[in-house]
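Below is one structure, written out as structure tokens; the observations come after it.
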Amino acid sequence: TLMIVFLISSLVLYIISLMLTTELTHTSTMDAQEVETVWTILPAVILILIALPSLRILYMMDEITTPSLTLKTMGHQWYWSYEYTDYESLCFDSYMTPPLELDPGELRLLEVDNRVVLPTEMSIRMLISSEDVLHSWTVPALGVKTDAIPGRLNQATLMTSRPGIYYGQCSEICGA
């Protein structure tokens, strides 16, 4: 792609320099309908040829065929419900810890009573939806942000490369 952009930029720079340094003796070429059609359609075709492989790669990156773990996440007002779908009856709710119950060193508005535990170096599929209003399931340290929309099941894939505590947060104004 960079080579194509470089070639197009070089051609445009060459044509501009020719137009600035030489006298225009053939003014009939400036009114040619065919030339205008070509320089309108050719860049569009080049952009499509660049975009098609990128869209395929983007789709292939997002689709995971055999995840090691599937975690279903349901957004509610002021809490999240989690369900490990690979195991029977392993589900829990995760509420924010009230500020008066925080221990020293814990982070306000980020600490919860039940944390999600995920394995490292394994592909994880998150199925994210909402029960009531719009939410956004976000873990900035993992680069994951997916909207939780009532009646729609969104999918996100993630993989943690090292163990640790990753804080999530809702980054939407929750409401109808």
Side-chain angles (χ1 to χ4, degrees), residues 1-6 43-176:
T1 305
L2 187 59
M3 186 60 72
I4 293 170
V5 170
F6 179 74
V45 170
I46 291 172
L47 287 175
I48 290 171
L49 290 176
I50 291 172
L52 289 178
S54 301
L55 288 174
R56 182 178 171 274
I57 291 171
L58 187 65
Y59 178 76
M60 297 292 281
M61 281 178 34
D62 192 44
E63 189 65 29
I64 183 168
T65 56
T66 55
S68 301
L69 178 70
T70 300
L71 183 63
K72 182 176 155 189
T73 306
M74 295 296 286
H76 305 275
Q77 286 188 339
W78 302 108
Y79 72 99
W80 291 91
S81 296
Y82 296 98
E83 178 183 347
Y84 292 89
T85 59
D86 300 332
Y87 306 99
E88 287 186 29
S89 69
L90 185 55
C91 54
F92 60 92
D93 294 333
S94 181
Y95 291 90
M96 274 193 302
T97 305
L100 296 175
E101 296 179 14
L102 288 174
D103 294 330
E106 291 184 337
L107 301 173
R108 184 178 154 275
L109 297 178
L110 293 177
E111 291 293 337
V112 293
D113 57 353
N114 294 317
R115 292 182 177 157
V116 174
V117 177
L118 299 174
T120 58
E121 299 292 336
M122 297 176 82
S123 58
I124 302 163
R125 176 176 47 199
M126 302 290 298
L127 300 175
I128 302 165
S129 187
S130 173
E131 286 284 333
D132 44 22
V133 295
L134 297 176
H135 299 282
S136 182
W137 192 84
T138 309
V139 182
L142 296 176
V144 177
K145 178 179 179 179
T146 305
D147 289 333
I149 302 168
R152 179 180 171 144
L153 192 63
N154 285 332
Q155 175 178 302
T157 58
L158 60 100
M159 181 182 298
T160 58
S161 59
R162 60 182 189 275
I165 297 174
Y166 299 97
Y167 291 101
Q169 57 198 33
C170 186
S171 58
E172 289 269 339
I173 297 176
C174 301

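By convention here, the first residue in the shown sequence is residue 1.
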- Distance-minimising heavy-atom pair for Glu106 and Glu111: CB-CG, 3.5 Å
- Is there side-chain contact between Val139 and Tyr167, with heavy atoms separated by less than 4.5 Å? no
- Message: Does Glu121 have more than 12 heavy atoms from other residues, nucleotides or ligands lying within 6.0 Å of its CD?
- Response: yes
- Would you indicate whether the side-chain heavy atoms of Leu158 and Leu118 approach each other to under 4.5 Å? yes
- Note on the structure: One should read off an interatomic distance between Cys91 SG and Met74 CE, to the nearest 0.5 angstrom, of 12.0 Å
- Message: I'd like to check Leu69 versus Pro67 (side-chain heavy atoms, cut-off strictly below 4.5 Å). Are they in contact?
- Response: no
- Which atoms form the tightest heavy-atom contact between Thr157 and Val144, and what is the distance? O-CG2, 4.5 Å
- What's the spacing between Lys72 NZ and Arg125 CZ if we round to 0.5 Å? 12.5 Å
- With side chains defined as the heavy atoms from C-beta onward, is the minimum distance between Ile149 and Ser130 less than 4.5 Å? no
- Kindly compute the distance separating CG (Leu142) from CE (Met126), expressed to the nearest 0.5 Å. 9.5 Å
- Considering non-hydrogen atoms only, spot the tightest contact between Ser94 and Tyr79 and give its length. O-CB, 3.4 Å
- Message: Using side-chain heavy atoms (C-beta onward) and a distance below 4.5 Å, is Gln169 in contact with Pro140?
- Response: yes
- Message: If I compare all heavy atoms of His76 with all of Glu131, which pair ends up nearest, and what's the gap?
- Response: CE1-CG, 2.9 Å
- Query: So, Asp93 versus Ser81: side-chain donor-acceptor pair below 3.5 Å or not?
  - Reply: yes
- Nearest 0.5 Å, what's the OG1-CG distance between Thr73 and Leu71? 4.0 Å
- CG on Leu153 to CG on Leu127, rounded to 0.5 Å: 5.0 Å
- CG/Asp86 to CD/Glu83 distance, rounded to the nearest 0.5 angstrom? 10.0 Å
- Should Tyr84 and Val117 count as side-chain neighbours, where that means a heavy-atom distance under 4.5 Å? yes
- Message: Closer than 3.5 angstrom, by distance alone: can the side chain of Asp113 be matched with the main-chain N or O of Tyr95 as a donor-acceptor pair?
- Response: yes
- Message: Tell me if a side-chain donor or acceptor on Thr160 pairs with a main-chain N or O of Pro119 at a distance below 3.5 Å.
- Response: yes
- Nearest heavy-atom neighbours spanning Pro150 and Asp132: CG-O, 3.6 Å
- Message: Using the rule ring pair (Phe, Tyr, Trp, His ring centres under 6.0 Å), only one of Trp80, Tyr87, Tyr82 pairs with Phe92; which is it?
- Response: Tyr82
- Just by modelled atom types, is the Ala156 backbone N or O under 3.5 Å from a matching donor or acceptor in the Thr146 side chain? no
- Write down the atom of Asn154, the atom of Asp147, and the distance for their closest heavy-atom approach. ND2-O, 2.6 Å
- Query: Hey, does the side chain of Thr70 reach the backbone of Thr85 with a donor-acceptor pair shorter than 3.5 angstrom?
  - Reply: no
